[in-house]
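Structure first, then comments.
Atoms within each ligand, like the ligands themselves, are counted from 1 in listed order.
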Amino acid sequence: MINTETFSEGSHTKYQAVAARISQLIERGTFLPGTRIPSVRGLSRQLHVSVTTVMEAYRVLEDQGLIEARPQSGYFVRMRSLRLPQEPEIRYPDLNPTNVNLDEQVSAVMRDLHRPARFAFGGAVPNSELLPISRLNRALLAVAREFGLRGSLYDSVAGCEELRIQIARRALDSGCIISPDEVIITSGCQQAVLLSVLAVCRPGDTVAVESPTYYGMLQIIEMLGLKAVEIGTYPKTGMCLDLFREVIDRHPVRAVLLVSNFSNPLGSTIPDEKKEKLVNLLAEHEIPLIEDDIYGDLGFSGERPKAAKAFDRSGNVLLCSSFSKTIAPGYRVGWAVPGRHMAALEKAKFVSNISSATLPQLAIAEFLSNGGYDHHLRRIRRTYAQNVTQMADAVGEYFPRGTRVTRPAGGFVLWVEMPEAVDSIRLYAQAREAGISVTPSPLFSARKQFRNCIRLNAAQWSPKSEGALATLGNLAASQIVTP
Ligand SMILES: Cc1ncc(COP(=O)(O)O)c(C=O)c1O
């Protein structure tokens, strides 16, 4: 019997609450793999919710790979979930600040990540077949015709107003009430983060990062002569606040740098309550939070998680994002909402490249204002949900026993933790020979603490990739010497 208590709790919509309840029952073994779950009508009667709500919930569970529909028989718990590998656990790094020296080996791998590969599981790039290229081309042509001269001139340092209006409107979905004047357009999210760090840090300062962290953060810290302190991070719920408190009791920390939703590489999403706690804690200590929310629009459930910025009452959060994961990385259009650091950020932007290219901004503003974005997002979220599930399942199938893999609720990267004996740099080199790119784990830590993990990009996954993943699994297994 399924508990029929309220189905509108928390920030969940009804169908998400129903999906969460069924998923819990599967996890706890109430519904075993291969068994039938209640029919749509049956569950709708039992829970006093509409048939549409249950159908929507089952669609989410299908996308998550937990259940499957069998024609004329109903819905069943997928057999494959029997082999689901466990998720990685938080690791506890050294909590002392350290200089970042990305050595030649790591730098060479970084340079190599965007090299085309037959099976591109390396760089965290979106699937090019899912980019809205023809609609974007039409938008570009339309704005080039309408704003020919303006497109050839500098716009303001803050960027085109049309785009800042669209960004401010869409920010409501992530719980942020901001005006276009609070937005500054950048050339991608990487520049937004770099300018934010420039705005609040000075050489020698210590910056707290997740562990593992996106290597772009480490590149910035290294280049600006800062120190990093790595904070243990939960694969589901993000940075550990207790460890962070320990760090600020011991060392002065100038800023925190993290990816708040569907992070890279762990896929973690900080729950709302924890976001609020973090934002308040940082405000109390006057430590700016540089929040990278580049994957926030890619949640599989369809519900947009809040940005930490939504809880910011003092202007202490510098929110950074871009359209690189959703619309077109090559347009290099990103933005920052830097709160009370606006003047410093504007100065940094001006020094860095005066302003961003005008026409790509106008084209994206046109695309957003014509309403195509939500439809586009629904499509890509669905595909990425399936890809992530199928790739994680395949890791369970082909990688050596003891391998763990994350199950992110959005975005498109997976973090795979293999048995201790596997050296991920060696695996990267062997895979490269086989035409497969992966990202080895030493890139994600200033102290190179993760030796036996890789990040896989599931965006390009297709059934044809299965053989490549089997090859990767075999290569990993071949590194384990059995007595
Ligand atoms: C977390 C994160 N931030 C920033 C970037 C870079 O974004 P952009 O291409 O918009 O500069 C990436 C790209 O991989 C990323 O994963």
Side-chain angles (χ1 to χ4, degrees), residues 109-115 120-128 131 159 163 167 174 183-198 207 209-221 223 228 233 235 238-239 256-270 289-299 305 307-309 318-337 348-349 352-353 356-357 360-361 364 384 388 406 408 410-415 437-439 441 443-445 454-460:
V109 178
M110 284 177 183
R111 284 195 299 274
D112 195 41
L113 281 179
H114 291 271
R115 190 180 54 89
F121 306 146
V125 289
N127 186 329
S128 53
L131 301 176
L163 181 59
I167 289 169
S174 52
V183 180
I184 174 160
I185 304 298
T186 58
S187 299
C189 183
Q190 183 72 13
Q191 189 187 46
V193 176
L194 171 67
L195 299 180
S196 299
V197 178
L198 274 170
V207 175
V209 293
E210 295 162 289
S211 176
T213 181
Y214 169 52
Y215 52 77
M217 310 287 191
L218 295 177
Q219 288 174 307
I220 290 173
I221 292 173
M223 201 179 74
T233 300
M239 186 180 276
V256 175
L257 224 59
L258 54 75
V259 185
S260 49
N261 296 312
F262 318 123
S263 74
N264 175 3
L266 281 181
S268 55
T269 294
I270 307 176
L289 171 61
I290 301 176
E291 175 188 21
D292 177 335
D293 188 24
I294 193 168
Y295 294 97
D297 278 350
L298 292 179
K309 180 81 188 165
L318 300 95
L319 171 66
C320 303
S321 193
S322 79
F323 297 106
S324 300
K325 307 296 173 191
T326 49
I327 300 185
Y331 272 48
R332 309 305 302 132
V333 175
W335 68 95
V337 184
K349 172 69 185 167
S352 154
N353 68 341
S356 293
Q361 295 182 54
I364 288 186
Y384 289 147
V388 160
T406 48
F412 46 68
V413 296
L414 290 172
W415 183 251
S437 65
V438 301
T439 312
S441 47
L443 272 68
F444 299 90
S445 161
I454 48 172
R455 185 194 67 187
L456 293 177
N457 178 8
Q460 334 285 333

Pro212, Ser268, Pro235 screened by side chain to side chain contact (heavy atoms under 4.5 Å, CB included) with Ser263, the one that passes: Ser268
Under 4.0 Å to a heavy atom of Tyr295 - the qualifying atoms of ligand 1, by number: 1 (C), 15 (C), 16 (O)
Under 3.5 Å side-chain donor-acceptor pair for Asp293 and Ser174: no
Interatomic distance, Ile364 atom CD1 to Thr326 atom OG1 [nearest 0.5 angstrom]: 8.0 Å
Spacing of OG belonging to Ser211 relative to CG belonging to Leu266, to within rounding of 0.5 Å: 8.5 Å
Atoms of ligand 1 close to Ser322 [distance to a heavy atom under 4.0 angstrom, numbered from 1]: 10 (O)
Numbering as shown, the atoms of ligand 1 that approach Val259 to under 4.0 Å (heavy-atom distance): 1 (C)
Nearest neighbour in protein (non-hydrogen) for atom 13 (C) of ligand 1: Lys325 NZ, 2.7 Å
Polar contact flag for Gly188 and ligand 1 (N/O pairs, less than 3.5 Å): no
Side chain proximity check, Leu443 to Arg455, heavy atoms < 4.5 angstrom: no
Asn457, Val413, Asp292, Leu113: member with heavy atom nearest to atom 2 (C) of ligand 1: Asp292
Minimum-distance protein heavy atom relative to atom 6 (C) of ligand 1: Tyr214 OH, 3.8 Å
Modelled atom types, side-chain donor and acceptor of Ser356 and Gln361, under 3.5 Å: no
Protein contact to atom 7 (O) of ligand 1 [nearest heavy atom, distance to 0.1 Å]: Ile294 CD1, 3.3 Å
Residue part near ligand 1, for Ser324, under 4.0 Å between non-hydrogen atoms: side chain
Aromatic plane relationship, Phe412 with Tyr295 - under 30° parallel, 30 to 60° tilted, over 60° perpendicular: perpendicular
Per atom 9 (O) of ligand 1, closest listed option by heavy atom (Gln190, Met217, Arg332): Arg332
